[in-house]
Amino acid sequence: MRAPSFSASTTCKTPCCSKVGIKRGPWTPEEDELLSNYVKKEGEGRWRTLPKRAGLQRCGKSCRLRWMNYLRPSVKRGHIAPDEEDLILRLHRLLGNRWSLIAGRIPGRTDNEIKNYWNTHLRPLF
DNA sequence: AATCGGCTCAACCGCCGGGCG
DNA sequence: ACGCCCGGCGGTTGAGCCGAT
């Protein structure tokens, strides 16, 4: 888990967290529920204004990331099977660090998950 | 039982390209 | 034709977990 090492107004320079009252860090089940329900009802997109509409104290990018990587029904989550690992290896040899391209060819896996898997399990082998 | 170090992985950041007014 | 804004991408971070000492 990550604590927002964040002092309200002075340090952060990025657009998405420069506003006070915008939450960062790990998502709670309540937030997941809010986001999940909203996107299922209204569809994906319009991320920047979504948090307000959904009643979330988050920036749009954070909502998008959370939905894309964890809440979307199509994401599989969990252990990478041997054939999936093999696919990742072959695709990476072919494409390099184009994680989203690789993810696009592995059903149910996200670019973030594949990138993590590569960095922690596979890259040390090279 | 307590501490230490390595690893995991959810979530962050900055940057960039494309679409749209 | 040309900025501006947004979403998408790749790289990076660090709290918490877990096994070793």
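By convention in this document, chain letters (A, B, ...) are assigned in the order of the sequence lines, proteins followed by strands, and residues within each chain are numbered from 1.
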**Q** Run the side-chain donor-acceptor check on residues 85-104 of chain A: report pairs under 3.5 Å with partners two or more places apart or on a different chain.
**A**
unit_1, atom_1, unit_2, atom_2, d
Glu85(A), OE1, Tyr117(A), OH, 2.6
His92(A), NE2, Asn97(A), OD1, 2.8

**Q** Sequence neighbours excluded, which residues qualify as side chain to side chain donor-acceptor pair (under 3.5 Å) partners of Thr49(A)?
**A**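 Checked Thr49(A) against side chain to side chain donor-acceptor pair (under 3.5 Å); matches are Arg53(A).
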**Q** At a heavy-atom distance below 4.0 Å, what parts of residues 34-44 of chain A sit against DNA chain C?
**A** none
**Q** Using a heavy-atom distance cut-off of less than 4.0 Å, which residues of residues 76-89 of chain A contact DNA chain B?
**A** Arg77(A)
**Q** If you draw a 6.0 Å radius around CD in Gln57(A), do more than 12 non-hydrogen atoms from other residues or ligands fall strictly inside?
**A**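 At most 12 heavy atoms, drawn from other residues, nucleotides or ligands, come within 6.0 Å of this atom.
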**Q** Using whole Å, what does the distance between atom P of nucleotide dC12(B) and atom CD1 of Ile22(A) come to?
**A**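 Atom-to-atom, Ile22(A) to dC12(B), this comes out as 12 Å.
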**Q** Specify the separation, in whole Å, of atom CG of Asn69(A) and atom C1' of dC9(B).
**A** 11 Å
**Q** Is the backbone of Arg58(A) close enough, under 3.5 Å, to the side chain of Ser62(A) for a donor and an acceptor to pair up by distance?
**A**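 Not at all, since once roles are kept as given, no pair shorter than 3.5 Å links the two residues.
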**Q** To the nearest Å, how far apart are Trp27(A) CH2 and dA15(C) P?
**A** 21 Å
**Q** Could you give all pairs that pass the salt bridge (charged side-chain N to carboxylate O under 4.0 Å, His left out) test and reach residues 108-126 of chain A, with sequence neighbours left out?
**A** Glu84(A)-Arg109(A), Arg109(A)-Glu113(A)
**Q** Checking one residue: Leu71(A). Which other hydrophobic residues are in its cluster under the side-chain 4.5 Å linking rule?
**A**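 The other cluster members (ILVMFWY side chains, heavy atoms under 4.5 Å, direct or chained) are Trp27(A), Leu34(A), Leu35(A), Tyr38(A), Val39(A), Trp47(A), Leu50(A), Leu56(A), Trp67(A), Met68(A).
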**Q** Between Arg24(A) (CZ) and dG14(C) (P), how many Å, whole number?
**A**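 In whole Å, dG14(C) P lies 10 Å from Arg24(A) CZ.
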**Q** With a 4.0 Å limit, can you tell me whether His121(A) has a side-chain N or O closer than that to the phosphate oxygens OP1/OP2 of dT8(B)?
**A**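 Yes, His121(A) has a side-chain N/O under 4.0 Å of OP1/OP2 on dT8(B).
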**Q** If the condition is side chain to side chain donor-acceptor pair (under 3.5 Å), which residues does Ser36(A) pass it with, not counting sequence neighbours?
**A**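 Ser36(A) satisfies side chain to side chain donor-acceptor pair (under 3.5 Å) with no other residue.
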**Q** Any base atoms under 4.0 Å from Tyr117(A), or only sugar-phosphate, or nothing? Heavy atoms, all strands.
**A**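 Since no nucleic acid heavy atom lies under 4.0 Å of Tyr117(A), the category is nothing.
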**Q** Please enumerate all residues that pass side chain to side chain donor-acceptor pair (under 3.5 Å) together with Asp32(A), with sequence neighbours excluded.
**A**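 So Asp32(A) forms a side chain to side chain donor-acceptor pair (under 3.5 Å) with Arg66(A).
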**Q** Using a cut-off of 6.0 Å, state whether more than 12 heavy atoms not belonging to Lys76(A) lie near its atom NZ.
**A** yes
**Q** Mind calculating the distance between CG (Leu122(A)) and P (dC9(B)) to the nearest angstrom?
**A**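 One finds 13 Å between P of dC9(B) and CG of Leu122(A), rounded.
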**Q** Rest of the hydrophobic cluster containing Val75(A) (Ile/Leu/Val/Met/Phe/Trp/Tyr, side-chain heavy atoms under 4.5 Å)?
**A** none
**Q** What residues form a side chain to side chain contact (heavy atoms under 4.5 Å, CB included) with Thr28(A), not counting sequence neighbours?
**A** Lys23(A), Glu30(A), Glu31(A)
**Q** Determine, for nucleotides 7-12 of chain C in 5'-to-3' order, which nucleotides have protein heavy atoms under 4.0 Å from the base (write B), from only the sugar-phosphate (write S), or from neither (write -).
**A** SBSBBB
